[in-house]
Amino acid sequence: MKAVRFSTFGPAHEVAELVDVAEPDAPGPGEVLLEIERSSINPADLLQFEGRYGAVPPKLPVWAGGEAVARVLQTGEGVTHLKPGDRVLALLAARGNWRPRTKAPAARRFALPEADLDQLAMLGVNPPTAWLMLHDFVTLAPGDWVMQNAGNSGVGQAVIQFSKRLGWKTVSVVRRDEQVAPLKALGADAVVVDGPDLAARVAAATGGVKPRLGIDAVAGDATRRMANALADGGTVVNYGLLSGRPCEMDAPDTVFRDLSLRGFWLAKWFATASLEQQHALYRRLGAAIADGTLRVEVEQVYPLAQVKDALAHAARPGRSGKVLLAPSA
């Protein structure tokens, strides 16, 4: 079978390699054999190809592919909570899921609800990132505003849908006028196009109410513009590096207005959250997908043989939805 790796750093669609690998053995005690049905291509995947994800670049060569949904093909000895045919999340922290089949420890898997396959493929990273950033940094009351940039991203769409369900209002920042209407249709209370006068645009959209929580996927001077728009004592939570630049904030915002800059990385949450906490969160989010509360647009699904085309598509600006891989198709 084939799997995706890279042996040098660079643009993902240029350095990705499709190589032959052995089929996995039968699962041992406490293991499951999985068929990878769908895998989402996230910004973190593209950054890893470039050696820009994490505190230090990974040691080459690196197997690619993190977030995925899989079907259980076979269970090993002692596995009683899963059965062949169950759908589960594949490897969340480790990578190497861009291949048709793999083995994994069964203890960290649980059966997902019956739901749209493409939506389940995007369950592993963006929804928990959105949910945890909305809950772990600022205590929000009904009617409070949340500000975010990259509002059309997978995390951004989840923030809008979760906030609407929880009684919070969202003002989402986008880069182009054509991105406004789709987010309004999704349920965003306000959508503004970025610019040097962003704070004034946000104030006009919220009726002068300044958000206390800002969710930043971009970094660079986008962090500064977001901070300028927040209420005194507010918090910017940075989780993305789309600009490729360090976060910037004005000294008067930190000194005189007591604004805070915090960081969020889902891998750190996995390192501290108990297995029970992880399963509880994913069951909640899986139920939201199953009942239609949470849905993210998918632009195209590619077979593994077209991984380079898929990666080029995922890096393209102005997409209207996620790009997925179907490794076992």
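Numbers for residues simply follow the sequence, beginning at 1. Not measured: the values here are computed from a predicted model.
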Enquirer: Is the side chain of N238 donor-acceptor paired with the backbone N or O of G263 at a distance under 3.5 Å, no angle test?
Expert: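 Such a contact is absent between N238 side chain and G263 backbone.
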Enquirer: Taking side-chain contact (heavy atoms from CB on, under 4.5 Å) as the definition, give me every residue that meets it alongside L60, ordered by chain and number, with sequence neighbours left out.
Expert: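 Only F6, F9, V62 meet the side-chain contact (heavy atoms from CB on, under 4.5 Å) criterion with L60.
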Enquirer: For P24 and L33, work out which heavy atoms get closest and say how close.
Expert: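 Where P24 meets L33 most closely, the heavy atoms are CG-CD1, 3.5 Å.
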Enquirer: Determine whether V218 and R175 make a side-chain contact, defined as any pair of heavy atoms from C-beta on separated by less than 4.5 Å.
Expert: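 When only atoms from C-beta onward are counted, R175 and V218 do not touch, as no gap falls below 4.5 Å.
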Enquirer: Out of curiosity, W63 CH2 to Q48 CD, how far, rounded to the nearest 0.5 Å?
Expert: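 If I round to the nearest 0.5 Å, the distance is 13.0 Å.
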Enquirer: More than 12 heavy atoms of other residues, nucleotides or ligands under 6.0 Å from CZ of R283: yes or no?
Expert: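 Counting neighbours around CZ of R283, more than 12 heavy atoms of other residues, nucleotides or ligands fall under 6.0 Å, so yes.
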Enquirer: Compare all side-chain heavy atoms of S40 with those of V125 and state whether any distance is below 4.5 angstrom.
Expert: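 Counting from C-beta outward, S40 and V125 never come under 4.5 Å.
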Enquirer: For residues L275 and F110, determine if any side-chain heavy atom of one lies less than 4.5 Å from a side-chain heavy atom of the other.
Expert: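 In short, these two side chains do not touch, never coming nearer than 4.5 Å.
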Enquirer: What pair of heavy atoms forms the shortest contact from A310 to L325, and how long is it?
Expert: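 A310 and L325 have their closest heavy atoms at CB-CD2, 3.8 Å.
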Enquirer: Going hydrophobic residue to hydrophobic residue with side-chain gaps under 4.5 angstrom, can you get from W145 over to L134?
Expert: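 The answer is no; the residues belong to distinct hydrophobic clusters.
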Enquirer: Any chance you could measure K184, atom NZ, to S172, atom OG, to the nearest 0.5 Å?
Expert: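 These two atoms lie 10.0 Å from each other.
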Enquirer: I'd like to know whether CZ of R284 has more than 12 heavy-atom contacts from other residues, nucleotides or ligands below 6.0 angstrom.
Expert: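 At most 12 heavy atoms, drawn from other residues, nucleotides or ligands, come within 6.0 Å of this atom.
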Enquirer: I want to check something: taking the side chain as every heavy atom from C-beta on, are L266 and L132 in contact at a cut-off of under 4.5 Å?
Expert: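 A side-chain contact exists here, since the closest heavy-atom pair is under 4.5 Å.
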Enquirer: Would you say the side-chain atoms of E248 and T223 include a donor-acceptor pair closer than 3.5 Å?
Expert: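 Absent: no donor and acceptor within the cut-off.
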Enquirer: Please report the interatomic distance CD(Q74) to CD(E35), rounded to the nearest 0.5 Å.
Expert: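 Result: 13.0 Å between the selected atoms.
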Enquirer: Say you draw a straight line from CG of L213 to CG of L230; how long is it, rounded to the nearest 0.5 Å?
Expert: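 That separation rounds to 8.0 Å.
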Enquirer: Heavy atoms, side chains only, cut-off 4.5 Å: are L285 and P128 in contact?
Expert: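 L285 reaches P128 side chain to side chain.
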Enquirer: Determine, for K2 against D20, whether the closest basic-nitrogen to carboxylate-oxygen distance falls under 4.0 angstrom.
Expert: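 Yes, this pair counts.
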Enquirer: Does D253 have any side-chain contact (heavy atoms from CB on, under 4.5 Å) partners at least two apart in sequence or in another chain, and if so, which?
Expert: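 Checked D253 against side-chain contact (heavy atoms from CB on, under 4.5 Å); matches are A227, N228, D250, R257, L259.
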Enquirer: For E297, enumerate each residue passing the salt bridge (charged side-chain N to carboxylate O under 4.0 Å, His left out) test, keeping only those at least two apart in sequence or located in another chain.
Expert: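 Residues passing salt bridge (charged side-chain N to carboxylate O under 4.0 Å, His left out) with E297: none at all.
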Enquirer: Is P27 close to V32 at the side-chain level, that is, under 4.5 Å between some pair of heavy atoms?
Expert: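 Answer no - side chains too far apart.
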Enquirer: Measure the OG-CG distance between S163 and D189 for me, rounded to the nearest 0.5 Å.
Expert: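 Taking OG in S163 and CG in D189, the distance rounds to 8.5 Å.
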Enquirer: Could you walk me through whether R109 and V79 pass the side chain to side chain contact (heavy atoms under 4.5 Å, CB included) test, one step at a time?
Expert: CA-CA 11 Å; R109 321 290 153 206; V79 178; over 6 Å; no
Enquirer: Do K322 and I41 come close enough that some side-chain heavy atom pair is under 4.5 Å?
Expert: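 A side-chain contact is absent here, since even the closest heavy-atom pair is not under 4.5 Å.
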Enquirer: Taking K103 first and then E31, would you say they form a salt bridge - that is, a charged N and a carboxylate O separated by under 4.0 Å?
Expert: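 Result for this pair is yes, salt bridge flagged.
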Enquirer: Rounded to the nearest 0.5 Å, what separates atom CG in L123 from atom CG in D118?
Expert: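 It comes to 13.0 Å.
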Enquirer: Any side-chain heavy atom of I36 within less than 4.5 Å of one from L304?
Expert: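 Contact flag for I36/L304 side chains = no.
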